[in-house]
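Being a predicted model, the structure only gives us computed values, none of them experimental. What you see below is based on every heavy atom in this structure, not just the backbone, and it leaves out hydrogens, waters and symmetry mates. FYI, the numbering just counts along the sequence from 1.
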Amino acid sequence: MVLYKEFVENAREYTDYDDLKKNFKIRIPANFNFAYDVVDRYAKDDPQKRALVWCDDSDEEHIFTFSDISEMSKRTANFLAAQGIKKGDAVMLILRRRYEFWWFIIALHRIGAIVVPATDQLLAKDIEYRNNAAEIKMIVSFDEPGVQKEIEKSLGSSPTVKTLVTVGPDRSGWINFHSVCDTYKADFPRPSGEAATNNEDIMLLYFTSGTSGYPKMVQHNFVYPLGHIVTAKYWQNVVDNGVHLTVAETGWAKAVWGKLYGQWLAGSAVFAYDMTSFKPDKMLQKISHYKITTFCAPPTVYRYLIRQDLKKYDLSALTYCVTAGEALNAEVYNKFYEQTGIRMFEAYGQTEATVIVGNFPGMTPKPGSMGKPAPGYDVDIIDVDGKKCKAGETGEIVIHVDKGRPFGLFAGYYRDVSLTAAAFDSGLYHTGDTAYFDEDGYIWFVGRTDDIIKSSGYRISPFEVESVLMQHPSVLECAVTGVEDPKRGQLVKATIVLNKGYKPGKDLEIELQDYVKHQTASYKHPRIIEFVKELPKTISGKIRRVEIREKDNGTAPKKPNRNDLFLISTLKV
């Protein structure tokens with residue numbers, strides 16, 4: 001049984017991209033609520049259908065059916081209501097990949113409260129900022145990395161926080177959820193009247209990881225889950241009764257891209273591996289043991305997987321692999337294909353949206369290309385004057401919204417009218433990312449608008465240079481930035497993390513420079529190379545080029561905050 005067909009016009013198995021783009025349309029019911037219209041519907045019509053397959057590093061395992069999820073989310077909703085949580089209240093969930101995340105997020109949807117997922121890598125100042133910006137009323141967490149101490153430190157300056165809930169061991173001042181959850185009824189009728197949810201109500205609030213400045217607050221409404229039908233069914237190609245694994249912590253939007261909405265709508269169970277640290281061999285063992293059918297991970301993960309002997313693992317159930325979160329280097333694509341025979345299908349999106357550009361059924365992926373515009377999204381690439389770019393010309397990715405916003409695109413930045421107005425200008429949503437179309441209509445990522453390097457009159461994409469460097473066996477990770485120079489405007493600099501077995505030095509520096517000169521236009525080669533042990537990243541794992549630029553050019557960030565300083569990436573690789 002799959003439910004997505006009930007919310008789609010012309011719901012069928014598409015084998016041609018043009019057909020999909022032209023004919024796929026989402027049908028929006030009145031007052032859609034994922035908890036009642038999807039979870040409870042499965043629980044009623046197909047109660048033993050698998051919803052969540054969960055395990056952790058200690059080999060603890062739980063398999064939850066839709067009947068289980070429905071029951072536990074109703075008990076959880078009653079628990080939340082007993083603590084005073086009502087429609088419109090903001091509740092922060094810091095639950096890593098714990099199975100309780102699914103109970104709480106569905107429970108909060110039932111109530112109509114605002115879910116604010118967050119990562120367990122936050123420190124007290126990060127939490128304080130979020131508490132006050134979103135007026136958080138309750139925080140739910142699990143204390144594996146000690147985040148509960150950081151939460152407690154934030155409370156003195158967080159007047160809206162009234163209740164702390166732990167899903168782990170007892171802790172003074174916290175309600176132990178597991179000690180009381182069974183005392184609440186497994187029945188939570190759909191609210192009516194003023195308590196009922198409406199399609200335009202705020203359902204989710206995400207703080208973006210931010211490569212500069214304070215995190216923005218992205219708000220999504222109650223129809224947002226339906227936008228992820230395209231994500232799961234037509235990009236990830238999940239299958240009914242399959243098992244899908246997206247590598248993501250629940251604190252980030254990628255989790256609901258791959259661990260909840262679209263997968264369940266398309267009938268697939270989601271797999272959650274609550275790992276404390278990323279180990280490629282352990283990940284492959286889980287994929288083999290649990291017969292994962294579809295897989296999604298950022299290119300960083302694939303870079304580590306291809307360094308394993310993949311033939312040692314039984315990947316026979318794995319039929320489809322996709323990637324997003326950062327641009328994919330062709331070298332990673334090719335090596336994964338050589339070892340598995342599986343092509344990776346890349347896509348592009350943002351916390352503010354669902355899949356904007358992707359590789360869909362009927363398309364042959366071009367390694368390194370994000371693909372073509374997703375169904376429902378009217379995508380263009382424009383220059384600084386707002387004119388449509390010709391094939392091969394780099395410009396900003398924009399989405400036409402003058403005739404209506406695609407389902408899945410955010411409603412705006414929470415409580416920030418000016419920032420929302422700037423993003424939605426002249427009938428366009430401005431992504432802030434640059435790319436170009438090729439002659440076949442495929443889109444190629446270039447970088448953030450502020451990442452472009454201008455040297456001696458040339459416009460240079462950091463990603464182009466990084467893609468070449470990544471092909472050299474010595475390079476594990478790299479970030480290319482511009483350094484101010486009075487003669488050339490900017491110099492190309494490469495900051496490089498080396499693979500094991502390689503040592504930094506002048507000889508390797510010259511070798512890498514020559515390598516780039518022979519692989520691409522000579523003006524793109526890095527004139528400065530710095531070898532480092534690790535790259536600065538946001539807590540979602542994105543390389544933070546702005547920090548490298550600020551350090552090299554002697555400029556301070558406009559709005560420094562702890563969240564945007566270098567932290568271990570969410571994968572902890």
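- Scanning all heavy atoms of the two residues, the minimum distance from V180 to T183 falls at O-OG1, 2.5 Å.
- Remark: side-chain polar atoms of T208 are paired, donor with acceptor, to backbone N or O of K216 under 3.5 angstrom.
- N78 places a side-chain N or O within donor-acceptor distance of the main-chain N or O of K74, the cut-off being under 3.5 Å.
- A distance of 5.0 Å separates NZ of K137 from CD1 of I85, quoted to the nearest 0.5 Å.
- The backbone N or O of D37 sits nowhere less than 3.5 Å from a side-chain atom of Y42 that would complete a donor-acceptor pair.
- Two residues are said to be in side-chain contact when any heavy atoms from C-beta on lie closer than 4.5 Å; Y290 and C55 meet this criterion.
- No side-chain heavy atom of P191 sits under 4.5 Å from any side-chain heavy atom of K87.
- The line from OG1 of T495 to CD of E477 is 12.0 Å long, rounded to the nearest 0.5 Å.
- The shortest distance between side-chain heavy atoms of I202 and N221 does not fall below 4.5 Å.
- A donor-acceptor pair is defined here as one N or O able to donate and one able to accept, closer than 3.5 Å; no such pair exists between the side chain of S141 and the backbone of D143.
- The backbone N or O of A248 sits less than 3.5 Å from a side-chain atom of R97, completing a donor-acceptor pair.
- Judged purely by atom type and a 3.5 angstrom limit, E150 uses its side chain to pair as donor or acceptor with the backbone of A124.
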**OP:** Carefully, step by step, assess Y429 and F424 under the rule ring-ring contact (aromatic ring centres under 6.0 Å, His included).
**Re:** CA-CA 4 Å; Y429 166 61; F424 291 95; 5.2 Å; yes
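- Evaluated for a side-chain contact (heavy atoms from CB on, under 4.5 Å) with M370, the options I397, D433, L328 yield exactly one hit, I397.
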**OP:** Check step by step if side-chain contact (heavy atoms from CB on, under 4.5 Å) holds for I26 and I28.
**Re:** CA-CA 6 Å; I26 294 175; I28 302 297; 3.5 Å; yes
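- The two residues A133 and M217 make their nearest non-hydrogen contact at CB-SD, 3.6 Å.
- Counting all heavy atoms, side chain and backbone alike, A479 lies closest to I543 at CB-CG2, 3.7 Å.
- Aromatic ring pairs are classed by plane angle as parallel below 30°, tilted from 30° to 60° and perpendicular above 60°; the pair F66 and W264 is perpendicular.
- Judged by distance alone, the side chains of T160 and K162 never bring a donor and an acceptor atom under 3.5 Å apart.
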Subject >> Worked verdict on F34 versus F222 for ring-ring contact (aromatic ring centres under 6.0 Å, His included) >> reply: CA-CA 8 Å; F34 189 82; F222 273 81; over 10 Å; no
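- Using the six-membered ring where Trp is involved, H62 and W54 have ring planes that are tilted, between 30° and 60° apart.
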**OP:** Go through V147 and I127 one step at a time and tell me if the side-chain contact (heavy atoms from CB on, under 4.5 Å) criterion holds.
**Re:** CA-CA 10 Å; V147 72; I127 298 167; 4.3 Å; yes
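- The closest side-chain donor-acceptor pair between S70 and D68, if any, does not fall under 3.5 angstrom.
- No side-chain donor from either of Y99 and D274 sits under 3.5 Å from a side-chain acceptor of the other.
- Using a 3.5 Å distance cut-off with no hydrogens or angles, the side chains of E71 and W103 do not pair a donor with an acceptor.
- Residues A411 and R405 share a closest heavy-atom pair of O-NH1, 3.1 Å.
- Q148 and T166 form a side-chain donor-acceptor contact under 3.5 Å, judged by distance and modelled atom types alone.
- With rounding to the nearest 0.5 angstrom, the CG atom of D120 is 9.5 Å from the CG atom of L95.
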**OP:** Decide side-chain contact (heavy atoms from CB on, under 4.5 Å) for I151 and I94; before the verdict, give the C-alpha distance in whole Å, the side-chain angles of both, and the deciding distance to 0.1 Å.
**Re:** CA-CA 10 Å; I151 292 169; I94 308 180; 4.0 Å; yes
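- Looking at heavy atoms from C-beta onward, F271 lies out of side-chain contact with H244 at the 4.5 angstrom threshold.
- Side-chain contact of R50 with T65: a donor-acceptor pair under 3.5 Å is absent, judged by distance alone.
- Heavy-atom minimum distance, E396 versus T431: OE2-N, 3.5 Å.
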**OP:** Evaluate salt bridge (charged side-chain N to carboxylate O under 4.0 Å, His left out) for K149 paired with E152, printing each intermediate quantity in order.
**Re:** CA-CA 5 Å; K149 290 182 180 179; E152 290 166 351; over 6 Å; no
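- Q219 and Y224 share no side-chain donor-acceptor pair at under 3.5 Å.
- Ring geometry for F445 versus Y348: interplanar angle of 30 to 60°, hence tilted.
- There is no side-chain donor-acceptor pair under 3.5 Å between Q263 and H228.
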Subject >> side-chain contact (heavy atoms from CB on, under 4.5 Å) evaluation trace for F104 with L80 >> reply: CA-CA 9 Å; F104 272 92; L80 291 165; 3.9 Å; yes
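- The two residues S73 and A107 have their closest heavy-atom pair at O-CB, 3.2 Å.
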